[in-house]
Amino acid sequence: MNFGCTLIDWYKLNKRDLPWRNTRDPYLIWLSEIILQQTRVAQGVPYYFKFVNAFTNITSFANATEDEVLKLWQGLGYYSRARNMLKTAKVIKNNCGGIFPTAYDDLIKLKGIGPYTASAISSFSVDEKRAVVDGNVYRVIARYMGIDNPTNSNSGIKVFQILANSMMESHVPSLYNQAIMEFGALVCTPKKPKCSHCMLRPNCWALANNKVELLPVKLKKTASKKRFMYFFVVRNGNKLIIKRRKNDDIWAGLYDFPSIESKGLLAIEAIVAHHDFKLWFGNNAIVNKIHKPIKHLLTHQTIYAQFIEVCGAICLNKQPPEWLHVSVNELENYAQPKLIFAFLKKYLT
DNA sequence: AAAACGGGGAG
DNA sequence: CTCCCAGTTTT
């Protein structure tokens, strides 16, 4: 029995019952695929339901505001996915008559849809013959075939795509693609793979050569950077000052507080002496409360954050025009980074 | 070719 | 703590 048949037989018996399976609707497949980019299934499922309920079809999605979409996306990370979804929804509404494309060559032109997602949507919706290559596929092929090209190198990406295409053979693309990914997620896992009861074990190169834990090979990623952020919590009656984050940094389009940033740890004396602090709050501002520092871990940076409540003589005329005064019960309409959301939850109770 | 982009779970 | 997840875009 060959590779593909073995995978598909296993899949039919062992697949998970996931909410985006059993549909050919490219809109629903697109929702699930964007949500699942660099995201575990368990984390993505609730968001899939949120979006399906909020937007029944691509046109209703296209009519949303960016704030609305980001609010639904809050907590999922990689927020450019949400902003790109809205751009793509508008393009489909305005240039494709609201009909979601199913052809790889059309899909690949859309924002947020790369080679993996275009392959997934085109194969799952209309069985276009396109082999998906995601983290699971890299792992299964690297181990089964004994491929040690780095999966995140330019040459490695090419090699794995070619191998993935040829290994699909003449199997039903939707079925084969789902099967190889599900197998990678459930059996050929990154850590502690279930080799002992793997049906591919007779032909697995890595198992025969005792290299299962060493494959796939991945080039080391850049070291995590440290950042020190100081957020000013300014209350004006029942209103708080928030602002929308710029597009040149993390959390683009989400809302946080006026803040300053430093390369290193700052004492409170240095914070109140900071140029921006004096500009915004004047010399008579009172630091009401200094919250305990928080260490917020991201994949590529470690953020040391501190929330500082400020009151007293606020220089209202020196406030940047982009600052918003939002009443406490309206805050829930503004998407916030996890760090800010977690603070507000405690602060407001 | 390399860096940037979040948050969570497993080990 | 490190690794990596149904990757894509930007530099």
Side-chain angles (χ1 to χ4, degrees), chain A residues 11 15-16 18-21 29-48 70 73-85 87-88 107-121 123-124 130-140 150-158 160-161 164 174 176-186 188-193 213 216-225 227 245-254 295-303 335-342:
Chain A
Y11 175 71
K15 66 178 173 182
R16 293 167 290 182
L18 302 177
W20 45 83
R21 295 216 165 121
I29 296 167
W30 169 72
L31 277 183
S32 70
E33 292 302 337
I34 304 295
I35 287 171
L36 291 172
Q37 286 169 6
Q38 295 294 284
T39 304
R40 292 171 184 283
V41 166
Q43 191 187 4
V45 167
Y47 287 86
Y48 176 77
L70 283 173
W73 200 269
Q74 175 178 290
L76 195 54
Y78 284 171
Y79 296 92
S80 66
R81 290 183 289 173
R83 291 183 283 120
N84 284 334
M85 281 182 109
K87 286 179 198 163
T88 283
L107 291 163
I108 195 72
K109 296 173 186 158
L110 298 167
K111 277 292 182 189
I113 299 183
Y116 164 77
T117 306
S119 300
I121 298 174
S123 66
F124 297 164
R130 300 279 181 175
V132 293
V133 183
D134 74 331
N136 294 304
V137 175
Y138 280 125
R139 195 164 54 251
V140 173
T151 58
N152 54 347
S153 73
N154 226 342
S155 65
I157 290 168
K158 270 184 199 164
F160 280 96
Q161 182 70 61
S174 55
Y176 173 84
N177 278 338
Q178 297 269 7
I180 190 169
M181 288 195 287
E182 190 77 337
F183 175 74
L186 298 183
C188 197
T189 49
K191 307 284 181 190
K192 310 270 184 191
E213 300 281 6
V217 173
K218 222 174 166 179
L219 263 31
K220 66 173 188 296
K221 51 185 186 302
T222 51
S224 163
K225 288 175 188 166
R227 298 174 70 172
R245 290 182 62 87
K246 306 263 191 280
N247 284 341
D248 60 355
D249 196 5
I250 55 170
W251 305 321
L254 277 67
K295 186 176 181 181
H296 187 68
L297 284 171
L298 304 179
T299 301
H300 49 286
Q301 44 188 286
T302 301
I303 295 169
Q336 301 135 23
K338 153 90 192 253
L339 177 66
I340 303 296
F341 184 73

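Keep in mind it's a predicted model, so treat the numbers as computed, not measured. Each chain gets a letter, A, B and so on, in the order its sequence line appears, and its residues count up from 1.
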Relative to the ring of A:His296, is the ring of A:Trp251 parallel (under 30°), tilted (30 to 60°) or perpendicular (over 60°)? tilted
Considering only heavy atoms from C-beta outward, does the side chain of A:Asn247 approach that of A:Arg83 to under 4.5 Å? yes
Value in whole Å for how far the C1' atom of B:dA3 lies from CG of A:Leu219: 13 Å
Where do A:Trp30 and A:Thr88 land on the side-chain contact (heavy atoms from CB on, under 4.5 Å) test, with the steps shown first? CA-CA 11 Å; A:Trp30 169 72; A:Thr88 283; 4.0 Å; yes
Please compare A:Lys295 and A:Ala118 by the position of their nearest nucleotide in DNA chain C and report the one closer to 5'. A:Lys295
Check the distance between C:dT8's C1' and A:Asp134's CG and give it to me in whole angstrom. 14 Å
Span that lies between the P atom of C:dA6 and that of B:dG11, in whole angstrom: 14 Å
Looking at every heavy atom in both A:Ile157 and A:Thr151, which two are closest together, and how far apart are they? CG1-O, 3.6 Å
Can a salt bridge be assigned to the pair A:Arg81 and A:Glu33 using a cut-off of 4.0 Å between side-chain N and carboxylate O? no
Salt bridge or not between A:Asp134 and A:Arg139? Use side-chain N to carboxylate O under 4.0 Å. no
Provide the distance between the two C1' atoms, one in B:dC5 and one in C:dC4, to the nearest whole Å. 15 Å
Would you tell me if any nitrogen or oxygen in the side chain of A:Lys220 comes within less than 4.0 Å of OP1 or OP2 on C:dC4? no
When the distance from OH of A:Tyr116 to P of C:dC5 is rounded to whole Å, what number comes out? 12 Å
Distance between the C1' atoms of C:dC5 and B:dA1, in whole angstroms? 23 Å
What does A:Lys109 touch in the nucleic acid at a heavy-atom separation under 4.0 angstrom: a base, only the sugar-phosphate, or nothing? nothing
Select base, sugar-phosphate, or nothing to describe what A:Thr117 touches, counting heavy atoms under 4.0 Å on all strands. sugar-phosphate
Please state whether the phosphate of B:dA4, meaning OP1 or OP2, lies under 4.0 angstrom from any side-chain nitrogen or oxygen of A:Lys225. yes
Taking only residues two or more places apart in sequence or in another chain, which ones pass ring-ring contact (aromatic ring centres under 6.0 Å, His included) with A:Phe160? A:Tyr138
Below 4.0 Å: OP1/OP2 of C:dT10 and any side-chain N or O of A:Lys111: yes
Contact class for A:Trp20 vs. all strands (heavy atom < 4.0 Å): base, sugar-phosphate, or nothing? base
For the pair made of CG in A:Asn154 and P in B:dA2, what is the distance, rounded to whole Å? 9 Å
Interatomic distance where CZ belongs to A:Arg245 and C1' belongs to B:dA4 [whole Å]: 14 Å
Of B:dA4, C:dC4, C:dA6, the nucleotide closest to the side chain of A:Leu36 is C:dA6
Base, sugar-phosphate or nothing for A:Arg21? Non-hydrogen atoms, less than 4.0 Å. base
Taking the side chain of A:Leu18 as heavy atoms from C-beta outward, which of C:dC5, B:dA3, C:dA6 is closest to it? C:dA6
In whole angstrom, give the distance that lies between atom CD1 of A:Ile108 and atom P of C:dG7. 14 Å
Starting from P on C:dG7, measure out to CD1 on A:Ile157 and report it in whole angstrom. 13 Å
Does the pair A:Ile29 and A:Trp20 meet the rule for a side-chain contact (heavy atoms from CB on, under 4.5 Å), with working shown? CA-CA 6 Å; A:Ile29 296 167; A:Trp20 45 83; over 6 Å; no
Go along nucleotides 5-11 of chain B 5' to 3' and tag each nucleotide: B for a protein heavy atom under 4.0 Å from its base, S when only backbone or sugar atoms are that close, - otherwise. BBBBB-S
Find the distance A:Ile113:CD1 to C:dT9:C1' and express it as a whole number of Å. 14 Å
Which value, in whole Å, describes the distance between the P atoms of nucleotides B:dG6 and C:dT11? 14 Å
